[in-house]
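Just so you know, these numbers come straight off a predicted model, no measurement behind them.
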Amino acid sequence: MLIMAFKLNKPQQEAVDHKDGPLLILAGAGSGKTRVITSRIAKLIASGVPPAHILAVTFTNKAAKEMRERVISTIGDKPKQLVVSTFHAFCLRVLKLDIERLGYKKNFTIYNMSDQRALVRNVMKEVRVNINSFDEGLFLNYIDRWKNKYILPNEITPQNDFETWAVNVYRLYMKYLKGYNAVDFNDLINLVIELFEQYPEVLERYRERFRYIMIDEYQDTNPSQYKLAMLLAAKYRNLAVVGDDDQSIYGFRGSDVSIILSFEKDFPEAKIIRLEENYRSTASILNVANELIAKNESRRAKKLFTSMGDGKRPRLVAADDDRAEAVWVAEDMMQRVVMRSTKYSDAAVLFRMNAQSRPFEEEFRVRNIPYTVVGAFEFYERKEVKDVLAYLKLFVNPEDDVSFLRIINFPRRGIGDGTVTKLTHESVEKNLPLYEVLLTAAKNPDIPDKAQKGIVELIGLVQKYGEIFKETKDIAGNVKEFLEETAFDGEVVMTSDTKEKAGKKLENIESLVNGIAEYQRSLKEPTLKGYLDRITLMNQEDTEEEEKKEGVTLLSIHSAKGLEFPFVYIVGMEQGILPHYKSVLPHEIEEERRLSYVAITRAREELTISYALARSRQGRMVETQPSLFLAEIPTHLLDRPSDASHPGAGEEGFAFYQRMKEKLMADSTAKNT
């Protein structure tokens with residue numbers, strides 16, 4: 001076995017050489033943590049640890065794939081039985097083997113967000129919540145928050161009437177999920193915890209299998225993921241975690257920065273190593289980042305440094321309004337490309353809220369500047385794609401009520417809304433999956449003849465292709481056959497407003513089939529369920545939803561985590577935007593400051609920070625204030641353009657910033673006292 005030797009600095013080498021016992025690697029931005037993780041895995045294998053005893057966990061499929069490929073390139077071979085996985089994919093593997101112990105069948109369905117919404121809407125009717133008054137998303141937020149903390153319905157004491165409704169919705173939601181032989185994304189982790197706690201022999205099997213555990217991006221773990229990690233690592237205590245509390249920015253998803261901050265409480269014997277040498281950014285950029293993040297109180301002291309030289313000081317630009325801000329950025333980019341022979345794809349515009357992208361997109365179009373908006377298009381959320389997938393889910397699990405309700409009359413087969421309502425009520429009253437109700441509905445005299453015929457047709461379709469997909473490896477071929485048999489394309493055309501829209505929808509269906517074929521070609525034993533599991537995990541876990549195209553990248557700061565660009569523009573650095581207007585508590589302000597720190601450290605060569613003196617809101621211009629975070633950066637660390645022809649870039653704009661800085665600092669001091 002060939003081990004490729006990479007040059008490591010002293011702390012990196014120390015982390016790689018550590019073998020037994022708990023380890024906390026505090027990896028600052030751009031400090032080469034992926035190299036350390038993969039080198040450490042290779043070192044463990046070289047020291048005699050069987051690959052089967054190693055589990056490396058991260059948060060996205062992209063990160064897991066990169067880690068796996070780097071391990072292979074490091075050791076020169078593909079280590080058999082080494083598991084490099086996301087949390088959710090690992091838990092899915094566990095449940096596939098043992099979920100029957102918890103009362104589920106092995107062909108369970110994983111609900112995506114639209115499935116969850118549909119189920120909650122049905123539950124809301126049963127709980128008699130006024131659907132017109134409350135959005136199902138609000139209840140799902142509560143359920144998600146409780147699940148992230150591994151809190152069950154019977155463990156919640158409601159604090160008000162709404163929480164009482166939410167608990168009742170949560171309780172019925174869980175009941176129906178299990179009745180439909182389905183789980184949601186959070187259940188993948190929580191059910192494994194339940195499995196391990198109820199069946200110690202299963203837990204022991206995994207503890208013996210995975211004696212060395214590594215967790216990447218540990219600052220992003222939520223309490224459920226933390227509980228799972230503690231269960232697995234309790235016996236051998238060979239848990240190595242890598243993360244940076246200064247980059248914990250996903251509190252809205254349930255991550256808890258206190259988990260990485262209290263690692264020594266769980267493991268008093270832990271070794272702590274700080275990776276502070278940055279290989280990405282110039283010193284001038286890091287100086288700004290260090291000064292800003294040092295204002296956070298809930299953090300571990302660390303200071304990034306680099307040997308890459310000082311570079312240019314980051315620029316601060318004040319624009320008259322949000323349109324002028326977009327104009328300045330667009331013209332600056334054009335000048336950069338013309339004068340320096342750089343590419344538009346070297347630049348990124350980072351914003352706190354997606355709505356900020358509009359003026360930049362418009363100005364880029366006017367100037368023919370190519371650009372890509374990351375996350376602007378979600379393929380698997382297209383109606384026609386979701387309709388096809390609903391059928392495929394039913395072929396795997398006929399008891400998936402949400403999928404049945406989605407396609408019960410698409411393509412149209414004479415099953416009207418009145419019939420659907422009757423069938424749904426019967427399903428709820430008898431506590432039976434809709435599929436079982438449909439099996440007897442064809443003989444129900446209360447169901448119109450046309451609807452009975454449609455039900456027979458639908459049941460026959462589900463049964464026929466359910467059997468076909470159990471046997472076949474030609475998944476894509478049989479999906480095509482199903483589409484042709486049901487005249488699916490024709491129905492799409494008939495229900496589209498225009499010929500152009502119909503054409504785009506048919507292209508999306510074709511693209512879906514192409515994706516199934518690609519999956520099929522990639523495996524020796526492809527299955528329809530395997531494909532559905534893969535795309536569900538992919539869409540839930542990965543935040544980067546589209547391939548990077550040639551041109552400027554526009555994206556939210558949250559989406560920029562893990563990325564880097566030669567030239568970065570952080571726009572809208574104003575009170576109410578960054579920090580966000582909803583962030584008022586001290587820990588919320590600290591997360592917003594960490595978000596700013598992440599944005600700053602995406603820049604390799606040059607950084608520009610801009611804000612507007614006024615911004616369009618609800619059709620009118622409103623005066624704004626520079627961000628408090630700008631007041632926390634020493635003035636001498638920031639440069640400003642000398643060209644006063646740019647709006648807000650001259651002495652007047654800078655003087656305004658200075659005055660606002662003094663005011664904000666005075667306000668902050670008054671609040672603290």
Side-chain angles (χ1 to χ4, degrees), residues 247 249-252 285 288-289 292 314-333 344-365 367 369-378 543-546 548-549 551-583 588-589 591-603 606-618 621-622 624-630 647-648:
Q247 296 186 74
I249 60 173
Y250 296 118
F252 67 97
I285 293 170
V288 172
L292 179 62
R315 300 179 297 176
L316 178 67
V317 176
D320 287 340
D321 54 38
D322 46 351
R323 175 63 61 179
E325 180 184 41
V327 169
W328 191 93
V329 169
E331 293 184 350
D332 188 67
M333 284 184 179
Y344 283 117
S345 57
D346 289 334
V349 177
L350 307 186
F351 37 78
R352 175 65 177 85
M353 301 182 293
N354 288 319
Q356 290 174 255
S357 72
R358 180 186 54 78
F360 293 93
E361 291 189 61
E362 292 172 356
E363 294 302 327
F364 288 174
R365 287 197 192 102
R367 291 164 178 78
I369 297 174
Y371 70 90
T372 296
V373 183
V374 172
F377 171 73
E378 298 178 13
T543 57
E544 187 173 320
E545 292 164 356
E546 55 178 33
K548 185 180 176 184
K549 302 172 186 173
V552 181
T553 302
L554 292 104
L555 73 171
S556 71
I557 302 172
H558 284 101
S559 297
K561 176 77 163 53
L563 304 178
E564 57 184 71
F565 304 89
F567 311 109
V568 168
Y569 297 78
I570 305 172
V571 299
M573 199 76 166
E574 301 151 24
Q575 287 297 107
I577 294 180
L578 191 60
H580 194 271
Y581 68 92
K582 289 184 179 179
S583 301
E588 294 170 336
I589 293 295
E591 178 154 329
E592 292 291 301
R593 192 177 285 110
R594 292 195 294 268
L595 193 60
S596 303
Y597 172 82
V598 166
I600 292 168
T601 54
R602 299 311 95 194
E606 293 184 27
L607 170 68
T608 301
I609 301 173
S610 66
Y611 65 93
L613 308 182
R615 188 166 292 273
S616 178
R617 288 176 184 159
Q618 296 182 345
M621 295 301 288
V622 178
T624 62
Q625 294 182 351
S627 169
L628 170 64
F629 300 150
L630 291 176

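Scanning for side-chain hydrogen bond (donor to acceptor under 3.5 Å, both in side chains) contacts around Y597 gives an empty result, with sequence neighbours left out. Judged as a salt bridge (charged side-chain N to carboxylate O under 4.0 Å, His left out), and not counting sequence neighbours, the contacts of R352 are E592.
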Report the C-alpha distance between D332 and F567 in whole Å, list the side-chain angles of each, state the deciding distance to 0.1 Å, and finish with yes or no for side-chain contact (heavy atoms from CB on, under 4.5 Å). CA-CA 11 Å; D332 188 67; F567 311 109; over 6 Å; no
Show, in sequence, the C-alpha distance, side-chain angles and deciding distance for Q575 and S627, and conclude whether the side-chain contact (heavy atoms from CB on, under 4.5 Å) test is met. CA-CA 4 Å; Q575 287 297 107; S627 169; 4.1 Å; yes
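Salt bridge E588/K582: absent, no basic N to carboxylate O contact under 4.0 Å. With respect to the salt-bridge test (charged N to carboxylate O, under 4.0 angstrom), the residues R594 and E591 qualify.
Ring geometry for H558 versus F252: interplanar angle over 60°, hence perpendicular rather than tilted (30 to 60°).
Formation of a donor-acceptor pair under 3.5 Å by the S345 side chain with backbone atoms of V552 is not found in this model.
Between I600 atom CD1 and I285 atom CD1 the span is 9.5 Å, to the nearest 0.5 Å. For the atom pair CE (M333) and CG (D346), the distance works out to 10.5 Å, reported to the nearest 0.5 Å. Rounding to the nearest 0.5 Å places CE of M573 at 13.0 Å from OG1 of T624. Note that OH of Y569 is 5.0 Å distant from CZ of R315, once rounded to the nearest 0.5 Å.
Closest approach of G572 and Q356 over heavy atoms only: CA-NE2, 3.7 Å.
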